[in-house]
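Heads up: the structure comes next, in structure tokens.
Within every chain, numbering begins at 1; the chains are lettered A, B, ... in the order of the sequence lines, protein sequences first and strands thereafter. Everything quoted here is computed from the prediction, not taken from an experiment.
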Amino acid sequence: MRAITKKDLKIAGACVVLYAIIEALLQMDIIGSFWELNLILIAINIIMSVSLNLINGYTGQFSLGHAGFMAVGAYVSAIITVKFHLPFLLAIIVGALGSGLLGFLIGLPTLRLNGDYLAIATLGLGEIIRIVILNIPYVGGASGFMGIPRYTNFTWAFFVCLFTLFFIKNLVNSSHGRACISIRENEIAAEAMGIDTTRYKVIAFTIGAAFAGVAGALFAHYFYIAHPASFTFMMSFNYLTMVVMGGLGSITGSIAGAVILTFVSAALASWPEWRMIVYSIVLILLMLYRPQGLFGNVELTSLSIFKRFKGGSK
Amino acid sequence: MNLLKAEKVSKVFGGLKAVSNFDIHIDKGELIGLIGPNGAGKTTAFNLLTGVYQPTTGAIEFDGKSVVGLKPFQITQGGIARTFQNIRLFSELSVLDNVKIAYHSHVEYGLVEAVLRVGRYFREEDEIEQKAIDFLKIFKLEHKKDEIAKNLPYGEQRRLEIARALAAKPKLLLLDEPAAGMNPQETQALMEMISWIRKEFGLTILLIEHDMNLVMGICERIYVLEYGSIIAHGTPNEIKNNPQVIKAYLGEEVE
Amino acid sequence: MEFLEQLIQQLINGISLGSIYALIALGYTMVYGIIKLINFAHGDIYMIGAYAGFFATANLGLPFVPALIVSMVVAGLIGMLIERMAYRPLRHAPKIAVLITAIGISLLLEYGGMLLFTPQPRTFPNVLESVTYHMGPFVVNSQQIIILVVSVILMVILTYVVQKTIIGKAMRAVSFDTDAAQLMGIDVDRIISATFGIGSALAAAAGVLVGIYYNSIDPLMGIMPGLKAFVAAVLGGIGIIPGAMAGGVILGVIEALVSGFISSTFRDAAAFAILIIILLFKPSGLFGKNVREKV
């Protein structure tokens, strides 16, 4: 068997063990409902930050509208379960397709823009999505989509998150992923190397949006409600922060960013007035002292300490 | 038949004629030089040939087909690869990845195969890796395959850029001042390498160069560009003795 | 006829709202023009300005004009302080790091404001008597006139400063080519600092005017106007000072028309829709020139 497949299997195995331990602790009520909530939030936030990393970190396209796609996933999936009484897995898939399709339609014209202009356009589009939802009575309008069944539990969140991670990891480690990365590195050179840069920008944006939809579906089916006020641009900032904190172009970085920020947020939950202040100071200090993020664009799993396990050294 | 044929090509930027009546004919297997003083429009001409700019008027044919209106990536896929005057590597990526990316348009496995790691994924990835390493060997960069591109010394960055362009499997290679910033020894080595890759890969090459020794030494024919128009073309000897060229450009150099 | 009357009434409302956007947009555009940063904290400086004006009038009992000046000075100094502490160390860092820092500063000001000033909205003292004038079928509020007059005066002063004074010329030089300006002996850091100071002072003036007009201020009041003002800056062509003024007024008028004729729930969506249309068809803005990367 190939070394790379072996490594994947080892990681997958470790993840299943991790899952079994946490699930057992949950069953025995050693982990209470507050931390269960946060574990599920971590999984959702990882899906959001890793998918945003595909767009911002790997492809180098600055999107600030990720929460808008999450909203679409949340609402579309809720329609499937609430209005049509169809199974949750189908709801997640349809939610992903819905937000992916919207990502495609939005990405096609806007990805011609670059840098700050794209950032501000996606921010605007995210807000437009939210305002449009706010004005659709079918999904509850301004009072939110209520009565969504709680289907999301730790098991769902964990395995959907794991699927997302493998999907995006395998994508960026293929020729298609390299095409995306080359756009980030030098768009003109990428084009001159025969890469259809528009196509790959749209592909990355669509896939990123689709996974944001997946996260939205998990989110809505945990909190019983999808509310337009949950998906403001502040939420997009929050995910961008996780990505940048971990390091643009590092999946393990995004995981770390999501875990750390969710924990910081949870730990400060009892001091709500201080929570955002501490959060913002941490953010500013991090950028001042480590602007490339905790991991830069390096994967934790490719560090030498992990290489030793494989027995080979360079 | 001409491999590349540009006729009466012109490019206007907001009223300013950067290139006008640009004519060039290149046959398969030739090594052609394009020279001219600074600001004569050489790089603009390259950008027109590679689709970065669209010509205002005129026709460009490659391999018997018009390339006017095609995007740069389509032209590259059609068989023209280039390097840049101001090196444009994927600077944060490894030397090996820089070359691998150029293979992308020859990759057949799709997104689904990539994500699920089934089908052609492993076979093609292995193939790409092997071919990329072979290329690096040719350019004596194999020992630096894991180095980050931006950390290479200048001369090696230039070589890597040529290796990357070749990996796209072009029929025509456009080199924009490949010897810029190189010392005489490096330039000499580069000349030998250009001659060698041309034979080895059956390439046609068009190069822009300031270094007269390099152009006169290896090119079979030379086009001279001044103020956006071709003012002369011919063999190195004809160009050397062309009074118009001497006046316009080579004055001091031929003394 | 009724349609026409309503149209003109909405134009009156829109122009006064738009001059507020214009004042905030100026700071965005100047900062972007000089260091290419979307200063997300700029809307919160406007909030700080409103609170400074509030304390100057409510606690110190100052009349309108001195309070306005106090507020502009305070916000200007805070703007310069923020630049010095948070943005200057990142002058050569990746762009995204600076942007995240700006978001961090924005959150810090918003939630710091909640902690210091409490989240409850404050009622702005009635420093200017509100008189309503009826001109035929149209209603104009004296405060709307004040907003317009103050905005126009400030913009005239700004134009004079940028066009005629040494510091204004230096600003334009730095914005045109920072490195060349540095080589010509311009103290770039000082100019950037001055830009933040001036931009923040203008936002503070907008904050005070809005406080007087709507009577109510709160720590999160800067978020939406901040974004809108950015839209206004992009609309006029980011980095271009007259563009920000025009963009602000145009945006204000469009918003007034949308809330008057369609529905106020779509007011915010209209602003963002304009942003996207402008970005897609003329990303350099109404007053901008298209530039492309040199290959």
Considering all heavy atoms of both residues, which atom of [X] and which atom of [Y] are nearest to each other, and what is their separation?
X	Y	result
A:Ile128	C:Ala273	CD1-N, 3.6 Å
A:Phe62	C:Leu99	CZ-CD2, 3.0 Å
C:Leu90	A:Met287	CD2-O, 3.3 Å
C:Leu280	A:Thr110	CD2-CA, 3.9 Å

I'd like to know which of A:Leu113, A:Asp116, A:Ile131 tops the heavy-atom pair count under 4.5 Å against chain C.
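The residue among A:Leu113, A:Asp116, A:Ile131 with the greatest pair count is A:Asp116.
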Hey, which of A:Leu125, A:Leu118, A:Thr241 has the most heavy atom pairs under 4.5 Å with chain C?
A:Leu125
Sorted by first residue and then second, give each side chain to side chain donor-acceptor pair (under 3.5 Å) pair with at least one member in residues 44-56 of chain A; sequence neighbours left out.
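The answer is A:Asn45-A:Tyr239, A:Asn45-A:Thr262, A:Ser51-A:His66, A:Asn53-A:Ser254.
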Side chain to side chain donor-acceptor pair (under 3.5 Å) partners of residues 278-293 of chain A, not counting sequence neighbours, each pair once
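Side chain to side chain donor-acceptor pair (under 3.5 Å) check on residues 278-293 of chain A returns A:Asn238-A:Tyr279.
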Where on [X] is there a heavy atom nearer than 4.5 Å to chain A: the side chain, the backbone, both, or neither?
X	result
C:Ile276	side chain
C:Ala269	both
C:Leu275	side chain

Can you name the side chain to side chain contact (heavy atoms under 4.5 Å, CB included) partners of A:Ser143, sequence neighbours left out?
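Partners of A:Ser143 under the side chain to side chain contact (heavy atoms under 4.5 Å, CB included) test: A:Met146.
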Please list, in residue-number order, every residue in residues 34-51 of chain C that has a heavy atom less than 4.5 Å from any heavy atom of chain A; write 'none' if there are none.
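From residues 34-51 of chain C, the residues near chain A are C:Lys36, C:Ile38, C:Phe40.
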Mark yes when over 12 heavy atoms from residues, nucleotides or ligands other than C:Phe261 sit less than 6.0 Å from its CZ; otherwise mark no.
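Yes, enclosed.
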After noting the C-alpha distance and the side-chain angles of A:Phe237 and C:Ile100, does the key distance pass the side chain to side chain contact (heavy atoms under 4.5 Å, CB included) rule?
CA-CA 8 Å; A:Phe237 282 173; C:Ile100 298 267; over 6 Å; no
Which residue out of C:Ile238, C:Val231, C:Leu227 racks up the most heavy-atom pairs below 4.5 Å with chain A?
C:Leu227
